[in-house]
Peer 1: 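Take a look at the following structure, please.
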Amino acid sequence: MARSIAPRRKAINTLLAWSIGFLIFFPILWTILTSFKTEATAIANPPVFIGFDWTLENYQAVMERSNYGRFLWNSIVIAGGSTILGILIAIPAAWSMAFVPSKRTKDILLWMLSTKMLPAVGVLYPIYLLFIRMGLLDTKIGLMIVLMLINLPIIVWMLYTYFKEIPGEILEAARMDGATLREEVIYILTPMAIPGIASTLLLNVILAWNEAFWTLNLTAAKAAPLTAFIASYSSPEGLFYAKLSAASTMAIAPILILGWFSQKQLVSGLTFGAVK
Amino acid sequence: MGRITLDKVSKSFGDVEVIPPLDLTIEDGEFTVFVGPSGCGKSTLLRLIAGLEDITSGQIRIDSEDATNVPPAKRGLAMVFQSYALYPHMSVRKNIAFPMKMAGIDQAEQDKRIDAAAKALNLTDYLDRRPGQLSGGQRQRVAIGRAIVREPAAFLFDEPLSNLDAALRVGMRLEISELHERLKTTMIYVTHDQVEAMTMADKIVVLQAGVIEQVGSPLELYERPCNKFVAGFIGSPKMNFIEGKEAANLGATTIGIRPEHISISTTEGQWKGTVGVAEHLGSDTFLYIHADVSPNETMTVRVDGEFSARHGDTVYLTPRAERIHKFGADGLRIE
Ligand SMILES: Nc1ncnc2c1ncn2[C@@H]1O[C@H](COP(=O)(O)OP(=O)(O)O)[C@@H](O)[C@H]1O
Ligand SMILES: [Mg+2]
């Protein structure tokens with residue numbers, strides 16, 4: 001009995017997983033498809049799925065109208081910079097919480113996470129004023145700092161969970177074996193934590209890349225990243241679905257490619273505790 | 001050399017005093033076992049010696065040098081952990097080499113010592129594997145290999161066998177004993193298993209709630225336990241305790257008699273009882289008896305070879321007078 005149920009259940013689960021995966025991916029797929037349609041086909045009713053004349057004219061138009069390269073560069077600098085800043089702060093923080101915890105460690109972690117429950121718009125005004133005062137408005141460094149701060153709770157939490165999985169006795173063994181703190185970090189801790197650090201880096205890059213609230217509100221022209229590039233196609237001249245889709249596709253393409261090549265790393269990192 | 005002296009050493013975690021001030025000397029080359037029930041502070045004491053925990057007060061000396069504030073890396077002690085604590089991302093060879101690498105020993109010497117250790121521990125064929133690809137027993141050997149190559153002043157073992165199955169445990173016990181015979185290095189071995197303590201130790205330290213109850217050779221503890229706790233803890237099966245009139249007659253509050261020091265007969269003897277359970281092992285027979293002198297607890301009797309008895313049989317027990325242990329109201333031994 002059990003033998004005949006198991007494969008069937010497996011098939012159902014597989015089907016279910018694929019369906020849900022497809023459902024999640026569908027908007028992205030639709031955006032990509034639309035970017036290759038003419039504006040007329042894009043709003044056709046009933047919608048056309050793939051049987052249309054593929055065109056690159058939207059991409060041409062977008063490239064002519066805006067400086068994609070500059071937005072891309074800003075996105076890379078802001079996402080990359082905030083990630084590096086964040087990890088430099090998060091590693092020592094998670095380290096000490098995992099290996100030398102105090103009575104309040106759990107509270108601090110929860111408190112940090114609770115800041116994520118506040119709607120961002122609630123602090124927009126003070127931060128906007130601060131940015132004006134400090135001359136950070138529409139600067140890459142300003143955005144790096146803000147994005148670093150908003151993602152910090154998540155990456156500290158993630159690294160903390162990851163470090164917690166490293167048995168303390170292994171670190172103690174290294175100490176007994178004559179390793180100094182520096183050697184312990186270089187030869188034992190880091191190699192054991194590298195998968196976790198790598199997936200944390202990746203996740204942070206993705207979160208920072210896609211962040212739209214702060215990047216839109218705190219930039220104008222100079223520091224605007226790809227989120228602003230997309231937004232610039234959504235309002236002023238009415239809706240141009242095909243061009244908006246082309247811009248969106250160009251904006252998400254780099255992160256999609258990064259995600260694709262690192263998916264194994266990302267999945268094993270995010271499910272580290274679960275599978276072991 | 002490896003003579004370790006603890007001088008009024010105590011340890012508290014926050015407000016909880018786990019180890020009240022305690023003195024202990026471990027002589028060079030001695031195999032010392034810390035034994036006691038779970039939670040009594042054995043691991044804590046070992047970790048204080050290792051330097052993995054800071055002592056709250058007192059002084060630790062290693063070869064008469066004050067080591068109290070010396071970090072673990074500099075104490076020259078090697079430790080084998082219950083979980084083995086191998087480096088999962090390194091091969092067996094790299095694991096064993098790690099302490100030598102940290103000590104800056106040259107490559108040729110490293111290889112020589114690794115080969116010698118691998119040969120002694122039957123690991124030669126596994127040097128290129130990762131710890132994850134080894135059995136529990138092999139992992140334990142790697143942990144021991146990693147400890148011996150650095151030629152420490154003393155070895156510290158924290159329940160190294162408790163993750164192994166019973167058969168392997170006996171084998172590894174002998175291997176560790178042989179290792180001690182060969183190296184003659186000081187070893188401190190923590191266990192909650194009094195059989196391990198009795199079979200391996202030169203000197204046993206019995207701990208309860210962080211307090212040393214008695215220090216002595218296995219036979220000293222067996223023959224002259226200084227209090228009821230040690231008497232009950234050392235020896236297997238456990239000592240029988242009898243209170244009341246029988247004890248008062250001998251001027252004691254409690255008397256103790258070991259199961260192997262009671263003779264049994266179906267016809268006559270000092271104490272009458274009925275057999276509850278009889279375990280026939282061939283080599284020995286263990287009898288659990290409801291005796292009149294001990295109404296609250298069954299008495300255990302061990303007979304050499306086979307003794308035919310069944311549930312409900314009436315038997316008579318006679319303790320060997322010179323083997324009776326007497327304890328006062330405070331639990332201490334009365335001579
Ligand atoms: N890091 C610690 N913080 C607080 N209490 C501890 C810590 N380590 C051990 N203890 C307590 O100290 C006592 C002795 O523990 P331990 O030395 O591990 O006992 P054993 O090894 O004999 O089983 C236990 O009550 C334990 O809860
Ligand atoms: Mg312990």
Side-chain angles (χ1 to χ4, degrees), chain A residues 91 94-108 159-201 264-265 267-269 271-276, chain B residues 13-15 43 46-47 49-54 70-91 94-105 130-132 139 142-160 163:
Chain A
I91 288 183
W95 226 236
S96 58
M97 288 179 187
F99 297 118
V100 259
S102 72
K103 264 186 261 168
R104 295 258 164 271
T105 295
K106 278 265 146 64
D107 300 339
I108 293 173
L159 283 177
Y160 167 79
T161 347
Y162 219 93
F163 292 164
K164 278 297 261 190
E165 299 276 331
I166 296 176
E169 283 201 343
I170 292 185
L171 306 183
E172 290 178 345
R175 242 164 279 165
M176 291 304 294
D177 282 346
T180 59
L181 182 61
R182 199 178 65 94
E183 286 163 334
E184 183 185 319
V185 170
I186 296 175
Y187 295 114
I188 310 296
L189 280 171
T190 310
M192 287 182 72
I194 266 183
I197 295 173
S199 42
T200 308
L201 278 171
K264 210 172 126 190
Q265 177 64 252
V267 168
S268 70
T271 54
F272 180 74
V275 286
K276 197 155 183 190
Chain B
F13 291 107
D15 303 335
S43 298
L46 196 71
R47 292 165 58 80
I49 295 171
L52 294 171
E53 302 279 1
D54 294 327
V70 177
K74 297 266 153 52
R75 292 194 184 190
L77 309 175
M79 184 144 168
V80 175
F81 294 85
Q82 180 175 355
S83 65
Y84 319 134
L86 301 177
Y87 311 126
H89 57 293
M90 296 184 190
S91 65
K94 290 234 168 84
N95 262 282
I96 297 177
F98 189 73
M100 295 190 283
K101 185 171 160 187
M102 292 302 104
I105 292 170
R130 293 278 179 93
R139 284 180 209 184
V142 177
I144 292 172
R146 190 172 65 180
I148 59 179
V149 289
R150 55 181 302 207
E151 299 173 357
F155 290 93
L156 312 178
F157 294 91
D158 192 354
E159 311 224 6
N163 284 352

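Predicted model only: the values in this text are computed from it and were never measured. Chain letters run A, B, ... following the sequence lines, proteins first, then strands; residues in each count from 1.
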Peer 1: Nearest 0.5 angstrom please: A:Glu172 CD to B:Met79 CE, how far?
Peer 2: 7.0 Å
Peer 1: Could you tell me the separation between the CZ atom of B:Arg150 and the CG atom of A:Asp177, rounded to the nearest 0.5 Å?
Peer 2: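 If I round to the nearest 0.5 Å, the distance is 6.0 Å.
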Peer 1: Can you list the residues that meet the side chain to side chain donor-acceptor pair (under 3.5 Å) rule with B:Arg139, with sequence neighbours excluded?
Peer 2: none
Peer 1: Quick one, B:Pro71 and A:Thr180 - any side-chain contact, counting heavy atoms below 4.5 Å?
Peer 2: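 Contact flag for B:Pro71/A:Thr180 side chains = no.
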Peer 1: Out of curiosity, A:Leu171 CG to B:Tyr87 OH, how far, rounded to the nearest 0.5 Å?
Peer 2: 9.0 Å
Peer 1: List the atom of B:Met90, the atom of A:Ile188, and the distance in Å for their closest heavy-atom pair.
Peer 2: CE-CD1, 3.7 Å
Peer 1: Considering heavy atoms only, which positions within residues 96-104 of chain B lie below 4.5 Å of chain A?
Peer 2: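 At a heavy-atom separation under 4.5 Å, chain A is reached by B:Phe98, B:Pro99, B:Lys101, B:Met102.
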Peer 1: How far apart are the closest heavy atoms of B:Pro88 and A:Ile170, and which atoms are they?
Peer 2: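 In this case the closest contact between B:Pro88 and A:Ile170 is CD-CD1, 3.9 Å.
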Peer 1: Picking from B:Arg47, B:Lys74, B:Gln82, which has the most non-hydrogen pairs under 4.5 angstrom with chain A?
Peer 2: B:Arg47
Peer 1: Heavy-atom distances under 4.5 Å only: say whether B:Arg75 touches chain A with side chain, backbone, both or neither.
Peer 2: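 No part of it gets close to chain A.
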Peer 1: Could you report the tightest heavy-atom contact between A:Ala173 and B:Ala85, atom names first, then the distance?
Peer 2: CB-O, 3.7 Å
Peer 1: What pairs with A:Thr190 under side chain to side chain donor-acceptor pair (under 3.5 Å), at least two apart in sequence or on another chain?
Peer 2: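 In terms of side chain to side chain donor-acceptor pair (under 3.5 Å), with neighbours along the sequence ignored, A:Thr190 is linked to no residue.
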Peer 1: Looking at every heavy atom in both B:Ala73 and A:Ala179, which two are closest together, and how far apart are they?
Peer 2: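 Answer, listing the atom of B:Ala73 first, then A:Ala179: CB-O, 3.9 Å.
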Peer 1: Tabulate, in ascending numerical order, the residues of residues 95-107 of chain A having at least one heavy atom closer than 4.5 Å to a heavy atom of chain B, or enter 'none'.
Peer 2: none
Peer 1: Looking at every heavy atom in both A:Arg175 and B:Leu52, which two are closest together, and how far apart are they?
Peer 2: CB-CD2, 4.5 Å
